[in-house]
Student: 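Input: one structure, supplied below.
What's counted below: heavy atoms across the whole structure, side chains too, no hydrogens, waters or symmetry copies. All of these numbers come straight from a predicted model, not from anything done at the bench.
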Amino acid sequence: MSMMLSLSASYCSSSSRLFCPFSSRLFGPFSSRNSLIFFPHGRRIPLSRTPRNLSAVAPEQENGVFKSPEIAKSFDFASEERIYNWWESQGYFRPNFDRGSDPFVIPMPPPNVTGSLHMGHAMFVTLEDIMIRYNRMKGKPTLWLPGTDHAGIATQLVVERMLASEGIKRTEMNRDEFTKRVWQWKEKYGGTITNQIKRLGASCDWSREHFTLDEQLSQAVVEAFVRLHEKGLIYQGSYMVNWSPTLQTAVSDLEVEYSEESGYLYYIKYRVAGRSDFLTVATTRPETLFGDVALAVNPEDDRYSKFIGMMAIVPQTFGRHVPIIANKLVDKDFGTGVLKISPGHDHDDYLLARKLGLPILNVMNKDGTLNDVTGLYSGLDRFDGRKKLWAELEETGLAVKKEPHMLRVPRSQRGGEVIEPLVSKQWFVSMEPLAEKALQAVEKRELTIIPERFEKIYNHWLSNIKDWCISRQLWWGHRIPVWYIAGKDNEEEYIVARNAKEALEKARKKYGKDVEIYQDPDVLDTWFSSALWPFSTLGWPATCAEDFKRFYPTTMLETGHDILFFWVARMVMMGIEFTGTVPFSYVYLHGLIRDSQGRKMSKTLGNVVDPLDTIKEFGTDALRFTLALGTAGQDLNLSTERLTSNKAFTNKLWNAGKFILQNLPNENDTSAWEKILSYKFDSEGIVFNLPLPECWVVSKLHLLIESVSASYEKFYFGEVGREIYDFFWADFADWYIEASKGRLYHSGVEGNSVASVAQAVLLYTFENILKVLHPFMPFVTEELWQALPYRKHALIVSPWPETQLPRNIGSIKKFENLQALVRAIRNARAEYSVEPAKRISASVVANKEVIDYIAEEREVLALLSRLDLQNLEFTDSSPGNADQSVHLVAGEGLEAYLPLADMVDISAEIERLSKRLSKMQKEYDALKSKLNSPQFVEKAPEAVVRGVREKATEAEEKINLTKKRLELLK
C-alpha cells in the first residue's frame with residue numbers, strides 16, 4: 001500500500017489541471033488519500049507495478065552520474081553540475097564529423113574577463129546553446145567557440161582599485177610592473193565568468209577557449225593593424241573624442257551613457273566690440289567660454305541680423321575678440337538665440353569649426369582641470385572653475401541669470417564620471433571603404449539579420465559612418481604596433497611593424513644604424529580585437545590552419561541588438577576585409593531582459609535578478625525555458641510567476657517519467673519488451689492501426705516534430721517552446737497519460753496486449769518529447785533519458801527525430817470529438833456539484849459512424865468522465881428518459897444525456913435552488929427599484945448608474961438560468 005500511496009502523491013500532486021480518476025475533486029489538485037483506481041466491475045487495482053530491474057540501468061547511473069525518477073522524488077538541481085561535467089568528460093562538446101561534414105559554428109560573444117554573470121549573459125548562453133544542441137542532434141559537426149575579452153578599461157579600473165586598497169597608485173609603478181599585476185589578477189579571478197557560463201549548461205568546446213590577449217590572437221591584432229595601415233586605412237590625427245579625465249583615455253561611444261540630470265542654463269552678456277550693445281548667450285557650460293572662437297546667430301533672426309560680421313568680446317579673457325557669424329542651424333528659440341562656438345569642447349561646434357575654418361581652442365588638461373588658456377583659472381577642476389567664473393561674472397555685471405534646466409549628461413559607463421569632449425591626437429580607422437562592402441553583404445543576402453527590421457538600422461549606421469578612434473591611453477591591452485624615431489616629429493616620423501625587431505630593421509634602413517626608436521604607449525580599443533574574433537579564434541592570419549579551413553566562415557553570430565553597430569558591423573567589415581568573406585551567415589539579435597514591470601534592471605531600482613540565485617531556486621532548465629520563450633529583438637519581462645510556472649513544468653516532466661518507468665515491464669521480461677519494441681511508429685501501417693487514443697497522440701507527436709523542426713530552422717525559438725509545452729501538458733499529460741491508465745491496468749492475455757500498446761506509445765512519445773525539448777532544458781531531459789531502458793546514446797548526441805512521419809488526421813478529429821464529449825460531461829458534473837468519486841449513467845447519441853469509434857473507447861470515456869460503464873449506452877436517438885436528463889451537445893452530431901436522478905438528489909436540489917431563486921429575486925427587485933427612481937438616475941454619477949444597470953442585467957440572467965433548471969428538475 002505504501003508504494004501505491006507514494007505514486008499517487010508524487011506523480012499526481014504536481015498538477016491541478018488533470019482530470020484524475022483518484023482526484024479528490026473533479027478539476028482540483030490530486031489527492032494522496034485515494035491510491036486505487038475503481039473500475040466498474042468492482043476490481044481495485046494498485047497503480048504501481050513491480051519496479052524494473054535497476055541493475056540493468058546504464059553504467060552512468062551505476063556510477064552515480066544520473067538518478068532515476070524511480071528512486072528520486074524530484075529532479076535535484078544539484079545534479080546539473082554533475083551531468084555537465086559528465087558531458088564534457090565524454091567529449092560531447094567537441095565537433096564530431098562522423099555523421100556530417102557541414103559544420104554549424106557560433107563564435108561566442110566574449111564576456112569581459114572582469115564580468116560576473118547577469119541575465120544578459122544567461123540570455124545569450126541559452127539561445128546559442130539551443131542552436132548548438134539542436135544542430136548537434138541533427139548530425140552536424142557543431143563548434144561553439146568560447147572565450148573572454150581582456151576589457152581594457154574595465155580591467156585596468158578593477159586592478160587600479162585593488163592596488164589602491166594596498167596603498168599603491170598605478171602612476172607609482174612602471175608599465176611592466178602594472179601589467180604583471182593585471183595578469184596575476186586575471187589568473188586568479190578571470191575564470192569566474194567562464195565557470196558561471198558553464199553553470200548555465202553551455203556546451204562549448206572549452207578545449208578551444210580563447211582570451212583576446214592570447215599570443216595567437218595578439219598576432220592577429222598586429223597583423224590587422226599593419227595591413228590596414230599599408231592600405232592607407234589607418235591614420236593618426238587630432239580630432240574630437242570622448243575623454244575620460246579620471247582614466248585619462250579616449251573612450252568609445254559605447255562606453256558613454258547619457259543621463260537626464262538637473263542642471264542650470266547660464267545667461268552671460270558678451271559686449272559687441274566698438275558698441276554699447278551686448279549679446280546674451282545661454283550656455284550649460286560657462287567654463288568653456290575661454291575656448292569660444294565665435295558667436296553664431298540665425299541669419300533670419302531679426303533681433304541679431306545687424307550684428308552679423310561684427311566682433312564680440314569674450315568675458316574674463318582680457319578683451320579677446322571673436323567674430324559674430326550667421327548659421328542657419330542656430331535654433332532661434334533655444335535660450336536667447338545666440339550660440340557660443342567652443343569647438344574644443346563640443347562635438348557639434350567642432351564639426352562647424354572645421355567646416356568654416358575656425359580655430360580650435362582647448363581650455364582643459366587631460367585630468368579635467370582648466371589649462372593656461374583660462375588664465376587665472378588655470379589648475380582649477382572644471383566644475384570648481386565653473387562656480388568661480390559665475391561668481392566673478394555676477395560681480396562684473398555680465399551674469400544675467402541662472403535658471404534650472406534638464407541636462408543630457410554624458411557619463412563613463414565604467415567609472416560614472418562626466419565625459420569631456422576633447423580634441424586629442426589619436427589613431428583612427430577610415431571606415432567608409434570598409435562600410436561599403438558590409439552594406440553590400442546584406443543587400444546581396446550574403447548576410448541575414450534576424451529580425452529583419454534591424455537591417456534598416458544596420459544600413460543607416462553604415463551609410464552615415466564616422467571614422468573609428470582605435471587608440472586608448474591605457475597600459476592594459478594590445479600595444480599599438482607603431483614605433484617613433486627619437487628626436488623626430490611623431491606625427492610624421494613613425495614606423496609600423498609586426499614587432500620591435502622588424503621596426504628596428506626598418507628604422508635602420510631609413511635613418512641609419514644608430515637610430516633609436518620607442519613604441520607608442522597607447523593600446524588599441526578593445527573592440528578592435530573583438531572585431532577579429534570570428535576568424536582570429538580559428539587561426540587567422542594563418543589561413544592554412546586546420547580550424548580556419550574547417551570552420552570559417554562561421555554560421556551564426558548571436559548577440560544583443562544594442563551592439564549591432566559597435567561589434568557586429570565591425571566584425572562584418574573586418575571579416576570581408578581580411579578574409580574576403582562575410583564572417584557568418586546569420587546575425588540573431590536578442591532584446592534586453594527587464595523586470596516584471598518592464599523596467600530596465602538596475603542597482604538603483606533594486607530590481608536586478610541574479611541568474612545564479614535564480615538557478616538555485618528554480619533550476620537552470622526553468623530559467624533557460626523562461627528566457628527562450630521571448631521573440632527575437634524584443635525585450636523580455638522576467639517575472640517570478642513565469643519562473644515558478646516553468647519550474648512546475650520541470651516537475652511535471654519528472655513525474656511523467658516516473659509514471660512511465662513504473663509502468664514498464666521488468667527489463668528481464670524479454671517477451672514483454674519484444675512486444676513493446678516491435679512497434680515501429682515510422683510505419684503508416686502500424687500508426688493507422690493503433691487504437692484511437694494511441695493513434696491520436698502519435699499523430700499529434702509527429703505533427704509536433706515537423707512543426708518544431710521547421711521553427712528551429714527558422715530560429716523561432718519562442719514558438720518551439722510554446723508548442724512543446726502545450727503538447728506535453730495539454731495533450732500528453734492531461735489526456736493520453738490519463739487515458740493510458742485504462743490500458744495499463746487490464747489483466748489477462750487481452751489486457752497484456754492492450755497494455756503493451758500503451759507502454760510502447762508512452763515510451764515512444766515521451767522519448768521524442770525529451771529529444772525536441774533537450775536544447776531548451778538539457779539537464780532534466782538528459783536525466784530522464786538516461787533512466788529510460790535501451791538507450792544507445794546520451795540524449796545530447798542522440799539523432800533528431802525524422803520529420804516526415806505518418807499522421808492520421810482522421811483519428812485526430814475523432815479523438816477531438818471524444819475530448820469534447822468528456823469536457824461536456826465534466827462541465828455538467830461540476831455545474832451540478834456531482835461528487836468526484838461518484839459514477840453516473842449516460843446515453844451517448846450520434847450517427848453510426850461516430851458511435852462506432854466512440855463506443856470502441858467506452859472504457860476511456862468512462863475513465864475520463866467518471867461514468868458507470870454498466871450504465872453507459874450508445875444510440876442513434878434520444879433515450880426514453882431524455883426529459884429527465886441533462887442534455888449535452890458535445891459537437892455537431894454528438895450529444896449525451898445524463899439522468900438527473902444519477903447526479904443529484906432532486907428534491908434537495910429543488911429546495912436549494914428555490915431558496916437561491918428567492919434571494920436573487922429580492923436582490924434584483926432592489927436594483928430595479930433604484931433604476932426606476934428618477935432621483936437616483938438623474939443625480940447619481942454616470943459610472944454608478946451604469947454599474948447598477950450591469951448588476952441588474954447579470955442578476956436577471958442568473959434568475960432565468962435558475963428558473964430553467966428548476967423547471968427541468970420539477
Side-chain angles (χ1 to χ4, degrees), residues 7 11 45-58 61 66 68-70 653 655-702 704-705 728 731-733 735-772 781 783-795 798-799 801-802 805-808 811 857 859-860:
L7 177 58
Y11 174 62
I45 303 175
L47 288 180
S48 55
R49 298 187 152 213
T50 306
R52 295 185 302 109
N53 180 7
L54 295 182
S55 64
V57 298
Q61 290 189 37
F66 299 98
S68 170
E70 290 179 291
L653 282 166
N655 290 328
K658 184 192 294 284
F659 173 82
I660 292 166
L661 287 166
Q662 291 180 332
N663 284 283
L664 289 176
N666 188 299
E667 289 189 33
N668 293 329
D669 189 344
T670 308
S671 62
W673 275 104
E674 282 178 355
K675 280 185 183 178
I676 291 172
L677 299 176
S678 69
Y679 288 96
K680 305 299 180 187
F681 296 105
D682 56 353
S683 163
E684 186 174 290
I686 288 181
V687 172
F688 278 49
N689 286 310
L690 289 171
L692 182 59
E694 283 69 27
C695 187
W696 166 76
V697 78
V698 170
S699 296
K700 290 274 284 190
L701 172 70
H702 291 170
L704 172 79
I705 291 170
F728 168 76
D731 292 334
F732 184 63
W735 287 94
Y736 184 67
I737 283 182
E738 294 305 305
S740 73
K741 292 172 183 175
R743 322 287 202 199
L744 296 172
Y745 308 128
H746 264 292
S747 61
V749 176
E750 182 188 350
N752 288 336
S753 176
V754 173
S756 67
V757 174
Q759 288 165 335
V761 170
L762 282 168
L763 183 60
Y764 173 75
T765 307
F766 191 61
E767 69 182 15
N768 279 287
I769 288 170
L770 296 181
K771 282 186 176 183
V772 296
T781 53
E783 186 98 291
L784 288 165
W785 177 268
Q786 294 288 341
L788 298 176
Y790 301 103
R791 301 299 96 186
K792 295 179 181 178
H793 310 279
L795 180 56
S798 290
E802 295 296 324
L805 293 169
R807 73 292 307 265
N808 189 331
S811 289
E857 296 301 333
E859 289 194 356
V860 171

Student: Measure from NZ or CZ of K700 to the centre of the six-membered ring of Y736, then state whether that distance is under 6.0 Å and the direction lies within 45° of the axis.
Tutor: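 K700 over Y736 ring: no.
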Student: Between E767 and R791, is a side-chain contact (heavy atoms from CB on, under 4.5 Å) present by the stated rule, with each step listed?
Tutor: CA-CA 10 Å; E767 69 182 15; R791 301 299 96 186; 2.8 Å; yes
Student: Roughly how far, to the nearest 0.5 Å, is NZ of K658 from OG of S68?
Tutor: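 Here the rounded value is 8.0 Å.
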Student: Are the side chains of W673 and N668 in touch, meaning some heavy atoms are under 4.5 Å apart?
Tutor: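 Heavy-atom side-chain distance check fails, nothing below 4.5 Å.
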Student: Which atoms form the tightest heavy-atom contact between P69 and L784, and what is the distance?
Tutor: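 Residues P69 and L784, closest heavy atoms: CG-CD2, 3.3 Å.
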Student: Taking side chain as C-beta onward, heavy atoms only, is N808 less than 4.5 Å from W696?
Tutor: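 No, every pair of side-chain atoms sits at 4.5 Å or beyond.
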Student: With a 4.5 Å limit on heavy-atom distance, are the side chains of H793 and P799 in contact?
Tutor: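 Yes. Closest side-chain heavy atoms under 4.5 Å.
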Student: Counting C-beta onward and ignoring hydrogens, is there a side-chain heavy-atom pair between D682 and E802 closer than 4.5 Å?
Tutor: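 Not touching, per the 4.5 Å side-chain cut-off.
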Student: Between atom CD1 of I686 and atom OG of S678, what is the distance when rounded to the nearest 0.5 Å?
Tutor: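 That separation rounds to 7.0 Å.
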Student: Write down the atom of F681, the atom of A760, and the distance for their closest heavy-atom approach.
Tutor: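 Distance-wise, the nearest heavy atoms are CE1-O, 3.9 Å.
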Student: Would you say the ring centroid of F66 lies under 6.0 angstrom from that of W785?
Tutor: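 That pair fails the under 6.0 Å test.
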Student: Quick one: are S683 and F688 in side-chain contact, heavy atoms under 4.5 Å?
Tutor: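 When only atoms from C-beta onward are counted, F688 and S683 do not touch, as no gap falls below 4.5 Å.
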Student: Output yes when E738 and R743 qualify as a salt bridge under the 4.0 Å nitrogen-oxygen rule, no when they do not.
Tutor: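 No, E738 and R743 are not salt-bridged.
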Student: What's the verdict on side-chain contact (heavy atoms from CB on, under 4.5 Å) for N768 and L704, showing C-alpha distance, side-chain angles and the deciding distance?
Tutor: CA-CA 10 Å; N768 279 287; L704 172 79; over 6 Å; no
Student: Would Y764 and L701 count as a side-chain contact (heavy atoms from CB on, under 4.5 Å) if you check the C-alpha gap in whole Å, the side-chain angles of each, and the deciding distance to 0.1 Å?
Tutor: CA-CA 10 Å; Y764 173 75; L701 172 70; 3.5 Å; yes
Student: Given S740, which partner from the list I660, N663, L762 fulfils the side-chain contact (heavy atoms from CB on, under 4.5 Å) test?
Tutor: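 Of all the options given, the one that passes is L762.
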Student: Can you tell me how far apart CZ (F728) and OG1 (T765) are? Round to the nearest 0.5 Å.
Tutor: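 Here the interatomic distance stands at 11.5 Å.
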Student: What's the shortest heavy-atom distance between V687 and C695, and which atoms?
Tutor: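 Taking V687 first and C695 second, the nearest heavy atoms are O-SG, 3.3 Å.
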Student: Roughly how far apart are L653 CG and E783 CD, rounded to 0.5 Å?
Tutor: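 The CG atom of L653 sits 12.5 Å away from the CD atom of E783.
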Student: Decide yes or no on side-chain hydrogen bond (donor to acceptor under 3.5 Å, both in side chains) for D669 and S671, but give the supporting numbers first.
Tutor: CA-CA 6 Å; D669 189 344; S671 62; 3.2 Å; yes
Student: With rounding to the nearest 0.5 angstrom, report the CG to CD distance, L664 to E70.
Tutor: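 Here the interatomic distance stands at 8.0 Å.
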Student: Backbone N or O of P806 within a donor-acceptor pair of the H702 side chain at under 3.5 Å?
Tutor: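 Yes: the side chain of H702 pairs with the backbone of P806.
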Student: What heavy-atom pair brings L692 and S811 nearest, and what distance separates the two atoms?
Tutor: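 Taking L692 first and S811 second, the nearest heavy atoms are CD1-O, 3.4 Å.
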Student: Just how far is it from atom CG of L677 to atom CD of Q759, taken to the nearest 0.5 Å?
Tutor: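 Going from the CG atom of L677 to the CD atom of Q759 covers 11.0 Å.
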Student: Would you mind reporting whether L744 and F659 have side-chain heavy atoms less than 4.5 Å apart?
Tutor: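 Yes. Closest side-chain heavy atoms under 4.5 Å.
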Student: Any non-hydrogen side-chain atom of P789 less than 4.5 Å from a side-chain atom of L661?
Tutor: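 With C-beta onward as the side chain, the pair touches.
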